[in-house]
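Written out below as structure tokens is the structure these notes cover.
Chain letters run A, B, ... following the sequence lines, proteins first, then strands; residues in each count from 1.
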Amino acid sequence: MIVEIGHFALILALAVALIQATMPLWGAHIRDERLMAVGPPAALAQLLLVAIAFLALMYAYVWSDFSVENVYLNSHSAKPLIYRISGLWGNHEGSMLLWILTLSLFGAAVAVFGGKLPETLRANVLGVHGAIAVTFILFIVLTSNPFKRLVPAPVEGLGLNPILQDPALAFHPPFLYAGYVGFSIAFAFAIAALIEGRIDAAWARWVRPWTLAAWMMLTLGISMGSWWAYYELGWGGWWFWDPVENASFMPWLAGTALLHSAVVMEKREALKVWTILLAILTFSLSLMGTFLVRSGVLTSVHAFAVDPARGVFILGILVIFIGGALALFALRVGELRQGGLFAPISREGSLVLNNLLLTTACATVFIGTLYPLALEAFTGDKISVGAPFFDATFGPLMLPLLVALPFGPYLAWKRGDLTAATQRLWAAAAVTLLAIIVAYAVAYPGPWLAPLGIALGVWVMAGALSECASRIKLGQVPLAESWRRLTGLPRAGFGMSVAHFGVGMMVVGIIATSAYQSERILVMKPGDQVEIAGYTLTFKGAAPQRGPNYREEVGLFEVERGGRVVTNLTPSKRMYDAPPQPTSEAGIHVSWRGDLYVVLGDQQTDSSGGYAVRLYFNPLVRFIWTGAVVMFLGGLLSLSDRRLRVGAPRRARRVRAAAVPAE
Amino acid sequence: MTRKQRRAILILACVGLLGLASILVLFALRDSIVFFHTPSEVAEKGIEAGQRFRLGGLVAEGSVRRGEGAAVEFAVTDTVKTISVVYRGVLPDLFREGQGVVTEGRLDPSGKFHADTVLAKHDENYMPPEVAGALKDKGVWQHMGKQQPATN
């Protein structure tokens, strides 16, 4: 019964979304206030109905109602509660429902917090957002109904792919979707601006926090996925340039560019056309990511959909939204007035450089991801484009971006002084030089380029710190005054520094891990010892154990460093009950120097009792994910800025009101 | 500087950057893409020793032999031709005889394939798309999808 209520609620949500997609848009067109006023309650009703549908499906999962086909195929009553819940989005139908729920949440947020938006803008935004909801709910209802019943009901489910039964992966999809779908707000605002043929700083002041929120979620979602791949897949790597990873990385790159161009738009009313185009592209890439991952075009653990009807449907949605948006853009872009002028060397100029490099990098990832698909479609040749391609294209484009990054905040708006900026970065430059020397000394002998890469990360980190220090005038004024500036100045500026610091950390982690990873593969018998990166590991043997829904073979390794026992590592090989599938659980020892990573392989077939063992030492690998978290925190700090919370909407309205008669 | 000059600078920067990116992409595509072949294609196309490519097919039944230390030998087949593969390392969890596999490496002059990567990914029903396609072409594909629930 509850499941049927969910199904009906979803169909009702479709009807409500249809109303939301038509009446406010029409109302904005003929300037009818009553029609425009339909938007917010429709968005809230849509959220309510979708939430009912979502909770109904969750109910079926939590109480293991195997009469629902989706639950039967993807759940098992012996699974721990958290994985019964996360099983909901561990499959195609459920994950699409989560997609819709996130979309409705964002739509409702605009309805609730958008009270101070100009009426027509809000109506248009909610209308466009409603149209997105219509297509996706239609997609679920027509091709991917999660509420389908089975008669007779099976007694037990088939279970969830065991490598998905993991805490990081339970939360990876919700964050990723919040990021993908969050960009729909920027998209809806861009389309609304094109419909009205008008865009101003207030528009950017609205779009920026939403873009920032989406970007933060996406940052966290991607890094969770990377972290999971690192410890679960047992390869000791954290990023594989897998097409599925790229599908989420492209919107991130475009979204990062959008974040920066929206700043120019907000502060200087420049780059209007470009910002609109970026908003469209970012969401288009999110849609494309959904298509690539869900359509079965790429076969992977993410490709749930094998039904070609689904792929065609999503492709249709893609064509309508991307094609429609770009057509509208081409039609209306001439009407947008150009904004403020700026010299090439200026804050605006530096942000343009940032945008150029990020979008070009995004384009190379795009080519690397889609070229194999295109080639196979046209010539039938099957190729794989892997890490070497991306190292050779993406890497060189990131280099100038990172070198230039610390200069940006020191350049003034309109016209900047590069010499003055360089002078103010002397401390950061000194730290970087020191980092080069230290890195060469510590890593000698080793790859000669890597220390420079690490120094580049240090340069970005030091630049962010120095920017912070000069913002609070550290050392130039009494400490109390610095403290007052630290707590009193707008938080958005500090947020930027923190996020940039995170970028630097990530670069250090990436370079250190890639260049100095040590790896050993060998066969070990109980009592055998092996040395890696200053650690001595003793294999004590392996024994079978029983977990809640798996059997496992657990190896015991004693880890010593400098004659002292540091820890015991217990990597294992698991065999899950349902579905019966093996996984490896790596044993990882975390220290500030890096991770010691041990994987237990197969037992040798001869009588020696030896096991194949793979060992890695990944120096500073934690910097990668810590850097991502720091970037997230920087975004959070920026979002908490008072200007974004209270002042902006009111001031925005006044600006608009003043702008109207001038046109 | 006039607006025109500024625009010219911007356009030059864009063109320069796109040019640079195109060059990088073209060189990278020439040097770092890896072709995928089945054992039959290796024979047909006469792939030379030393050339890097991906070899895919099924792990031949009864062919897995563990050698010295972590060395493993097995044969990859598309049921028409078979190539024996040498690999040093820990095989992926889902590596099994009779299952689909993709390996990456080079042929030696004697016709043995030295792999440095073995992929057998993620889930027991997973079939690398290239392998599935190639096997379909050879007419030996059996559907290995999820079992459908009985609905009588």
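Residue B:Leu91 holds its CG atom at 6.5 Å from CG of A:Asp602, rounded to the nearest 0.5 Å. Between atom CG of residue A:Leu397 and atom CG of residue B:Leu20 there is a gap of 6.5 Å, rounded to the nearest 0.5 Å. The line from OG1 of A:Thr393 to CZ of B:Phe27 is 13.5 Å long, rounded to the nearest 0.5 Å. Of the inter-residue distances, the one linking B:Phe53 atom CZ with A:Ile383 atom CD1 reads 15.5 Å to the nearest 0.5 angstrom. One distance of note links CD1 of A:Ile367 with OG of B:Ser22; it measures 7.0 Å at 0.5 Å rounding.
Within 6.0 Å of the CZ atom in A:Arg551, the count of heavy atoms belonging to other residues, nucleotides or ligands does not exceed 12. Within 6.0 Å of CZ in B:Arg52 there are more than 12 heavy atoms belonging to other residues, nucleotides or ligands.
Contact annotation for A:Val599: neither backbone nor side-chain heavy atoms come within less than 4.5 Å of a heavy atom of chain B. In this structure, no portion of A:Leu353 lies under 4.5 Å from any heavy atom of chain B. Contacts of A:Tyr371 with chain B are made by side-chain atoms alone, with heavy-atom separations under 4.5 Å and no backbone atom involved. When heavy atoms are compared at a cutoff of 4.5 Å, A:Thr360 approaches chain B solely by way of its side chain, counted from C-beta outward.
The shortest distance between side-chain heavy atoms of A:Pro582 and B:Arg96 falls below 4.5 Å. Side-chain contact between B:Cys14 and A:Leu356 is present, with heavy atoms from C-beta onward closer than 4.5 Å.
Interface summary for chain A: among B:Ile23, B:Leu17, B:Leu10, B:Leu18, the most heavy-atom pairs under 4.5 angstrom belong to B:Leu17.
When atom types are taken as modelled, the side chain of B:Arg88 and the backbone of A:Ile521 share a donor-acceptor pair closer than 3.5 angstrom.
B:Ala28 approaches A:Phe389 most closely through the heavy-atom pair CB-CD1, 3.4 Å. Taking every heavy atom of both residues into account, A:Ala392 and B:Leu24 meet most closely at O-CD2, 3.5 Å.
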